[in-house]
> 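The structure is given below, and queries will be raised subsequently.
Every number for a ligand or one of its atoms is a count from 1 in the order of the listing. If you're wondering where the values come from, they're calculated on a predicted model, not measured in any experiment. What you see below is based on every heavy atom in this structure, not just the backbone, and it leaves out hydrogens, waters and symmetry mates.
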Amino acid sequence: MIDLRSDTVTKPTEGMRRAMAGAAVGDDVFGEDPTVNRLEEYVAELLGKEAAIYCPSGTMTNQIGVHVSTGRGDEVLLHEDAHIFNYEAGAPALLSGVQVRPVLGEGGVVAPETLRAAVRPENDHFPRPKLLCLENTHNVAGGRIFPLGEFAAVAAEARSLGLKVHLDGARLFNAAVATGIPAREWCEHAGTVSVCSSKGLGAPVGSLLAGEEETIREARRARKAFGGGMRQAGVIAAASLYAFEHHVERLAEDYERAKRLAAGLGAAGYRVEPPETNIVLVQVEDAGEFLRALAGEGVLATPRSKGAVRLCTHLDVGDEEIDAAVEAVSRLAVHALER
Ligand code: TLP
């Protein structure tokens with residue numbers, strides 16, 4: 001099977017497994033795991049933040065990001081296609097008691113004027129807008145990069161309206177490598193940033209939330225309350241550290257393979273958006289039917305909507321697999337034409 005469902009499906013590499021096996025460990029709830037401490041310092045530095053905290057998942061780092069910047073009944077503004085709004089099981093309401101206000105925007109981008117129009121004035125009837133969440137790259141938009149200038153502009157607008165900014169940077173390094181802009185340049189405009197080592201970077205588990213010292217201290221309390229306090233976590237943190245040290249630059253290969261995949265699918269007659277990073281969106285008549293037929297040809301992908309599917313390139317697929325996937329999809333195109 002060629003698994004293009006997500007960049008989360010990768011298996012740890014030999015080097016990563018060796019790093020895990022040899023990791024120094026301690027009790028991280030006591031702050032005594034040397035590998036976790038090293039990872040947190042490494043990522044904080046990489047993102048240009050004072051501190052970072054290691055958590056099991058991107059969902060947890062996003063939700064802690066929401067939690068530390070809001071109170072019950074507050075409002076969180078985000079794009080209607082945001083992961084935090086659509087794929088985190090209602091956690092903003094469940095864990096933080098906040099109301100989520102989705103706004104529109106092309107390709108996952110929120111424009112300053114859209115934000116301004118959605119932010120409510122102080123009034124006893126209204127929820128208090130407290131936080132803007134942005135996503136880069138944008139998953140549902142097909143791995144689209146939030147252009148740095150537009151990111152800075154909407155973040156500045158948010159601050160002038162009294163809102164904090166959280167960045168869901170699950171795939172921030174994909175944007176950094178594709179553009180050559182260091183990740184920390186987006187981070188400058190956000191108070192809290194969530195990054196994942198378990199997407200394109202290939203670690204089996206682990207995300208970090210970065211921000212100011214005081215915010216991350218508060219995040220440690222939230223992590224405990226959310227059930228994410230781990231003990232000898234160095235064993236898994238070693239995989240994340242290895243991923244940040246060795247797998248960032250290679251994300252360029254995933255982007256090249258996404259382009260190769262998109263070109264092949266385009267040549268087979270499909271409507272494909274030109275990928276900006278490692279996600280390819282393909283228009284199909286019926287996503288469910290298409291995916292079943294594709295699985296029969298040995299390729300796995302996920303539905304994006306009723307009429308579109310998502311294919312992700314990652315560490316565990318090379319040029320050969322990409323070419324085989326293109327051939328498999330082309331065979332489906334032939335079937336579709338013959339019917
Ligand atoms: N995304 C997964 C699914 O949940 C959809 C995927 O396969 O793409 N932010 C963004 C932008 C994400 O894409 C994801 C995972 C997360 C946060 C959550 O990370 P985890 O899975 O570690 O909780």
> List every atom of ligand 1 that sits less than 4.0 Å from any heavy atom of Arg310, numbering the atoms from 1 in the order shown and giving each element.
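Reading through ligand 1 atom by atom, the close ones are 6 (C), 7 (O), 8 (O).
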> With a 4.0 Å cut-off, would you call Glu188 and Arg184 a salt bridge?
no
> Do any heavy atoms of Met60 fall under 4.0 Å from ligand 1?
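Checking ligand 1 against Met60, which is what was asked, there is no heavy-atom contact under 4.0 Å.
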> Can you confirm whether or not the ring centre of Phe85 sits under 6.0 Å from the ring centre of His79?
no
> Under the side chain to side chain donor-acceptor pair (under 3.5 Å) rule, what do Asn278 and Asp7 come out as? Steps first, then yes or no, please.
CA-CA 8 Å; Asn278 70 324; Asp7 48 10; 2.9 Å; yes
> Assess the side chains of His314 and Asp316: does a donor N or O sit below 3.5 Å from an acceptor N or O?
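Result is no, nothing qualifies.
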> Is Ser207 close to ligand 1, meaning an N/O of one under 3.5 Å from an N/O of the other?
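Min N/O separation from ligand 1 is not below 3.5 Å for Ser207.
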> Is there a polar contact, in the sense of an N or O pair closer than 3.5 Å, between Glu135 and ligand 1?
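For ligand 1, there is no N or O atom that lies under 3.5 Å from one belonging to Glu135.
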> Polar contacts were defined as any N/O atom of the residue lying under 3.5 Å from an N/O atom of the ligand; does this apply to Arg5 and ligand 1?
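Such a contact does not occur with ligand 1.
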> Determine, step by step, whether Glu32 and Asp28 satisfy the side chain to side chain contact (heavy atoms under 4.5 Å, CB included) criterion, reporting the C-alpha distance in whole Å, the side-chain angles of both residues, the deciding distance to 0.1 Å, and the verdict.
CA-CA 5 Å; Glu32 290 171 1; Asp28 182 46; over 6 Å; no
> Is there a polar contact, in the sense of an N or O pair closer than 3.5 Å, between Asp168 and ligand 1?
yes
> If you define the side chain from C-beta out and look only at heavy atoms, does anything of Glu245 sit under 4.5 Å from Tyr42?
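Sidechains of Tyr42 and Glu245: in contact.
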> So, is Asn139 polar-close to ligand 1, with some N/O to N/O distance under 3.5 Å?
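Indeed, backbone or side chain, Asn139 has an N or O that close.
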> Among protein heavy atoms, which sits nearest to atom 21 (O) of ligand 1, and what does the distance come to when rounded to 0.1 Å?
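Here the nearest protein heavy atom works out to Lys199 NZ, 3.7 Å.
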> With heavy-atom distances below 4.0 Å as the criterion, list the atoms of ligand 1 near Asn62.
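Within the 4.0 Å cut-off of Asn62, ligand 1 contributes 9 (N), 17 (C).
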> Nearest protein heavy atom to atom 23 (O) of ligand 1, by residue and atom, and its distance?
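Of the protein heavy atoms, Thr59 OG1, 2.6 Å lies nearest.
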> Provide, to 0.1 Å, the distance between atom 5 (C) of ligand 1 and the closest protein heavy atom, together with that atom's residue and name.
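The closest heavy atom on the protein side is His83 NE2, 3.8 Å.
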> To the nearest 0.5 Å, tell me how far Leu209 CG sits from Met60 CE.
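Result: 11.5 Å between the selected atoms.
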> Looking only at distance, does Thr8 have an N or O less than 3.5 Å from an N or O of ligand 1?
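No, since none of the N or O atoms of Thr8 sits under 3.5 Å from an N or O of ligand 1.
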> Does NZ or CZ of Lys259 fall inside the cone over Tyr255's six-membered ring, less than 6.0 Å from its centre and within 45° of the axis?
yes
> Out of Lys130, Gln99, Arg128, which residue meets the side chain to side chain donor-acceptor pair (under 3.5 Å) rule with Asp74?
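Of Lys130, Gln99, Arg128, side chain to side chain donor-acceptor pair (under 3.5 Å) with Asp74 is met by Lys130 alone.
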> Would the His247 and Phe173 ring centres measure less than 6.0 Å apart?
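Ring-ring flag for His247/Phe173: false, centres at least 6.0 Å apart.
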> Considering distance alone, does some N or O of Tyr87 sit under 3.5 Å from an N or O of ligand 1?
no
> Under 4.5 Å between any side-chain heavy atoms of Ile2 and Leu300, yes or no?
no
> With heavy-atom distances below 4.0 Å as the criterion, list the atoms of ligand 1 near Ser57.
22 (O), 23 (O)
> With a 4.0 Å cut-off on heavy atoms, is Gln63 touching ligand 1?
no
> Return yes when Glu88 approaches ligand 1 closer than 4.0 angstrom through a heavy atom, no otherwise.
yes
> Relative to ligand 1, is Arg171 under 4.0 angstrom through side chain, backbone, both or neither, heavy atoms considered?
side chain
> Atom 7 (O) of ligand 1: which protein heavy atom is closest, and how many Å away?
Ser6 OG, 2.7 Å
> Same cluster for Val66 and Leu167 if Ile/Leu/Val/Met/Phe/Trp/Tyr side chains link at under 4.5 Å?
no
> Between ligand 1 and Gly58, is the shortest N or O to N or O distance under 3.5 Å?
yes
